[in-house]
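Here is the structure we will look at.
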Amino acid sequence: MTTPPTVAPARRRGLADEVADRIREAIFNGSYAPGSQLREVELSGALDVSRGPVREALLRLEREGLVRSEWHRGATVTDLTPEDVAELDSLRGALETLAVRLVVEHATDADLDQIDQAVVRMERAADAHEMVRGDLAFHDAVYAAAHHRRLGEAWAAIRNQVHLFLLTRINRSTQDYLSHIPAEHRALAESLRARDSEAALAAFAEHRHHAFDVLSR
């Protein structure tokens, strides 16, 4: 008789998931700026949970790149270094190049309409944080229009870090971001709809370069 393979018992992680969601949202809405300390005792009190789920949630956020832990400081919201910015920019560029080529080749009119709708959301944004969410929604729509599952998964793996990248950007210059970003994304959407691969790639590269330049000053 064949012995069934042994697997470890499943653990219920719902509470830690919820705690991670709450802390992540607090980071994304600006309640915890880059570099802010995330103290287990304070978080457990604010969220009315024990320190165990908070500790587990912070580990998850560390794996996502949103939190860093150091023995002398504890957990802090990731403050992107110049190396972090350069690495995110280069990786995003590699993924986006493939996405743009695939969108130009394969996107349906409905896909392109979704990208346009994301631009409309940005044009209606009431503040910088809403603009950031619209910015990410635009790029979500681009990757969805590429119809490449593994590429979408690769984008999802760095999406939260790109969110942090954009938050760092608005901390540097909100006026420039609010005044120029919707028009930039409208031009990107139009380049995709024109189905001119080289023009679209150049437009997306210039868009990334502008953001990188703001963070590199």
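Throughout, residue positions are numbered sequentially from 1 according to the sequence presented. Being a predicted model, the structure only gives us computed values, none of them experimental.
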Decide yes or no for [X] and [Y]: does some side-chain heavy atom of the first lie under 4.5 Å from some side-chain heavy atom of the second?
{"X": "Q161", "Y": "E64", "answer": "no"}
{"X": "Y177", "Y": "V132", "answer": "yes"}
{"X": "R169", "Y": "D135", "answer": "no"}
{"X": "V142", "Y": "F138", "answer": "yes"}
{"X": "E25", "Y": "S31", "answer": "no"}

Is there a path of hydrophobic side-chain contacts, each under 4.5 Å between heavy atoms of I/L/V/M/F/W/Y residues, joining [Y] to [X]?
{"X": "I158", "Y": "L98", "value": "yes"}
{"X": "L59", "Y": "I23", "value": "no"}
{"X": "L15", "Y": "L58", "value": "yes"}
{"X": "L102", "Y": "L192", "value": "yes"}
{"X": "L201", "Y": "V103", "value": "yes"}

With rounding to the nearest 0.5 angstrom, report the [atom1] to [atom2] distance, [X] to [Y].
{"X": "L166", "Y": "H129", "atom1": "CG", "atom2": "NE2", "result": "11.5 Å"}
{"X": "E96", "Y": "Y143", "atom1": "CD", "atom2": "OH", "result": "5.0 Å"}
{"X": "Q117", "Y": "M122", "atom1": "CD", "atom2": "CE", "result": "13.5 Å"}
{"X": "R159", "Y": "L136", "atom1": "CZ", "atom2": "CG", "result": "4.5 Å"}
{"X": "T168", "Y": "H163", "atom1": "OG1", "atom2": "NE2", "result": "10.0 Å"}
{"X": "R39", "Y": "T76", "atom1": "CZ", "atom2": "OG1", "result": "10.5 Å"}

Subject >> CD (E70) with more than 12 external heavy atoms under 6.0 Å >> reply: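 Counting neighbours around CD of E70, more than 12 heavy atoms of other residues, nucleotides or ligands fall under 6.0 Å, so yes.
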Original post:
What do you reckon, is CZ of R124 surrounded by more than 12 foreign heavy atoms closer than 6.0 Å?
Top reply: no
**OP:** Sequence neighbours left out, what passes side chain to side chain contact (heavy atoms under 4.5 Å, CB included) with N171? Give chain and number order.
**Re:** P34
Original post:
Excluding sequence neighbours, so at least two apart, what forms side chain to side chain contact (heavy atoms under 4.5 Å, CB included) with R51?
Top reply: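 Partners of R51 under the side chain to side chain contact (heavy atoms under 4.5 Å, CB included) test: E40, V41, S44, R55.
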Original post:
Which ring-ring contact (aromatic ring centres under 6.0 Å, His included) pairs, counting each pair once, include a residue from residues 35-56, with sequence neighbours left out?
Top reply: none
Subject >> Pairs flagged by ring-ring contact (aromatic ring centres under 6.0 Å, His included) wherever residues 197-217 is involved - sequence neighbours left out >> reply: H139-H207, H185-H207
For [X] and [Y], work out which heavy atoms get closest and say how close.
{"X": "L80", "Y": "F165", "value": "CD1-CA, 3.6 Å"}
{"X": "A128", "Y": "I170", "value": "CB-CD1, 3.8 Å"}
{"X": "D79", "Y": "G35", "value": "CB-N, 4.0 Å"}
{"X": "A107", "Y": "L112", "value": "CB-CD2, 4.2 Å"}
{"X": "A33", "Y": "V77", "value": "O-CB, 3.5 Å"}
{"X": "L164", "Y": "G65", "value": "CD2-O, 4.1 Å"}

Subject >> Stepwise salt bridge (Lys or Arg N to Asp or Glu O under 4.0 Å) check, E18 with R60 >> reply: CA-CA 11 Å; E18 184 176 349; R60 170 169 297 191; over 6 Å; no
**OP:** Given salt bridge (Lys or Arg N to Asp or Glu O under 4.0 Å), test D21 with R24 step by step and report yes or no.
**Re:** CA-CA 5 Å; D21 289 344; R24 188 187 298 108; 2.8 Å; yes
**OP:** Give every residue pair that meets the side chain to side chain donor-acceptor pair (under 3.5 Å) criterion with at least one member in residues 100-113, sequence neighbours excluded.
**Re:** T108-D111, D111-H147, D113-R193
**OP:** May I have the step-by-step check of salt bridge (Lys or Arg N to Asp or Glu O under 4.0 Å) for D84 and R68, ending in yes or no?
**Re:** CA-CA 13 Å; D84 292 328; R68 286 190 174 143; 2.5 Å; yes
Original post:
Just one of D17, L43, L47, I27 clears the side chain to side chain contact (heavy atoms under 4.5 Å, CB included) bar with R22, so which one?
Top reply: L47
Original post:
Taking the side chain from T78 and the backbone from V67, do they hold a donor-acceptor pair closer than 3.5 Å?
Top reply: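 Looks like yes, one N/O pair under 3.5 Å.
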Original post:
Residues in side chain to side chain donor-acceptor pair (under 3.5 Å) with R149, at least two apart?
Top reply: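 For R149, the residues satisfying side chain to side chain donor-acceptor pair (under 3.5 Å) (neighbours in sequence not counted) are E153.
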